[in-house]
2 protein chains.
Amino acid sequence: MPLTAVENARNLFIRRWGEMGASWGISRTMAELHALLYLSNEPLCTDDVMAQLSISRGNASMNLRELVNWGLIHRVHRRGDRKEYFEAEKDVWQMFETIIRERRRREVLPIVETIERCRSIVEAEKKTLPATLRRTAEEDQKRYADILEFCEVMNSIFNLVSRVGKTGVRPLAKALGKLAG
Amino acid sequence: MPLTAVENARNLFIRRWGEMGASWGISRTMAELHALLYLSNEPLCTDDVMAQLSISRGNASMNLRELVNWGLIHRVHRRGDRKEYFEAEKDVWQMFETIIRERRRREVLPIVETIERCRSIVEAEKKTLPATLRRTAEEDQKRYADILEFCEVMNSIFNLVSRVGKTGVRPLAKALGKLAG
DNA sequence: TATTCTATTCAGAACCTTTTGAAAGGACCG
DNA sequence: CGGTCCTTTCAAAAGGTTCTGAATAGAATA
């Protein structure tokens, strides 16, 4: 049975979403699964996704769990059916907020902590250093501080964007436009 | 010879930066190289980075080239020295702009193109479809449109932020504080 | 031109991630 | 209970990515 155009388009999207995920450090399959569920009008069960993506049960199970951990999909139960179904968050802005929040927690916080530690390590030694080396120490501290400041500003931008949410993004963009002159 | 605290801090930072890069889809070594050059006060040559990161010549060469392609470091030549030296962009906002611009070109544009294609594939078939299937087609189109809209808004936010960023971070942060109330 | 110094390339090795499938676990049902 | 249905786990295999180092190329010097 030939695929309909709608199905063809879905497959196209799923594959590209998978590729994009891969280049952003998310496993291809996990991203494809997410795309599949994002497009699907009703919740799908493990067997559905196994069939649609041609992957094994174990693979499906693990990646579905991981997506649940990320908060991008959730489990759905149906009366009189033992199977578990999965449904994706469909609001793109909510999706974005979830992704950023998770990545911040997993990947940004560790580097921020490390940089703060680096600063204080250098700070501690600085006093004991002769003038030439002290100069280097201060330059390093400046570099660390620059990244920390960047992180803080990005953080407020993200908080602001997520607070105003999907309804308010356009007004926000306008406000920023005014600031930018 | 024992490492100074400044050197210890550098190594700490370099390793973490590498890990972070890895989880964002950039090879660990490339990110470490970038961190090393970001911290370094003067340009380094291939042998310097080989020694400091304990990597092979080929590895150093390839990753340095890749960083040059990204626009995150540039080649520096010295009179009377055949070696090539490399120097990193030190302005964090400039760095950010470069990274986003490149990722947009490499990873966002392809998915945007694909989604536009998906939309028109569905659009073309929609007319020939009976009412029930047409409903599905329209829902799919909505999903595609939502992502495209998101990309457009993010795009303008990025443009504005990077415009403001160049002239100075502090005014932006202050303004955001006011907006956030 | 031959020599020296440096940069690049790339096949194979090493390493890391992802996937499979079978076994174990757990929940519900009769 | 024992059987059925579904999920999870995990060791081994497959598949991918990154790294090495020796060969190659190129460019400046003598």
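Proteins come first, then strands; the chains are lettered A, B, ... in the order of their sequence lines, and each starts at number 1.
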S.K.: Please determine if Glu7(B) and Arg10(B) form a salt bridge, counting it only when a charged side-chain N lies under 4.0 Å from a carboxylate O.
M.R.: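 Answer for the salt bridge query: no.
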S.K.: Salt bridge between Glu139(A) and Lys142(A), side-chain N to carboxylate O under 4.0 Å?
M.R.: no
S.K.: So which of residues 20-29 of chain B are in contact with DNA chain D, with a heavy-atom cut-off of under 4.0 Å?
M.R.: Ser27(B), Thr29(B)
S.K.: Counting only heavy atoms and a strict 4.0 angstrom limit, can you tell me which residues of residues 30-60 of chain A come near DNA chain D?
M.R.: Thr46(A), Arg57(A), Gly58(A)
S.K.: What I want to find out is whether Arg57(A) reaches Asp47(A) closely enough, with some N-O distance under 4.0 Å, to be called a salt bridge.
M.R.: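 Between Asp47(A) and Arg57(A) there is a salt bridge, with a charged N closer than 4.0 Å to a carboxylate O.
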S.K.: Tell me: CE of Met62(B) to C1' of dT9(C), nearest whole Å?
M.R.: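 The distance from CE of Met62(B) to C1' of dT9(C) comes to 6 Å, rounded to the nearest Å.
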S.K.: Should the heavy atoms of other residues, nucleotides or ligands under 6.0 Å from CZ of Arg117(B) be counted, would the total exceed 12?
M.R.: no
S.K.: Could you check whether Glu32(A) and Trp17(A), counting side-chain N and O atoms only, form a donor-acceptor pair closer than 3.5 Å?
M.R.: no
S.K.: Please report, rounded to the nearest Å, how far the C1' atom of dT8(D) is from the CZ atom of Phe86(A).
M.R.: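 To the nearest whole Å, that distance equals 11 Å.
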S.K.: Below 4.0 angstrom, N of the basic side chain to O of the carboxylate: do Glu102(A) and Arg105(A) qualify?
M.R.: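 Counted as a salt bridge, because a side-chain N and a carboxylate O are separated by less than 4.0 Å.
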S.K.: Between Glu97(A) and Arg101(A), is there a side-chain N and carboxylate O pair less than 4.0 Å apart?
M.R.: yes
S.K.: Under 6.0 Å from the CZ atom of Arg135(A), do we count more than 12 heavy atoms belonging to anything else shown?
M.R.: no
S.K.: Over how many whole Å does the gap from Asn63(A) atom CG to dT7(D) atom P extend?
M.R.: 15 Å
S.K.: Give a yes or no on whether a salt bridge exists between Glu123(B) and Lys126(B), defined as a side-chain N under 4.0 angstrom from a carboxylate O.
M.R.: yes
S.K.: In residues 77-84 of chain A, which residues come under 4.0 Å of DNA chain C by heavy atom?
M.R.: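 Heavy-atom contacts with DNA chain C come from Arg82(A).
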S.K.: Please report, rounded to the nearest Å, how far the P atom of dT18(D) is from the CG atom of Leu67(B).
M.R.: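 Nearest whole value for this atom pair: 13 Å.
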S.K.: Should the pair Lys90(B)-Asp146(A) be classified as a salt bridge under the 4.0 Å nitrogen-to-oxygen rule?
M.R.: no
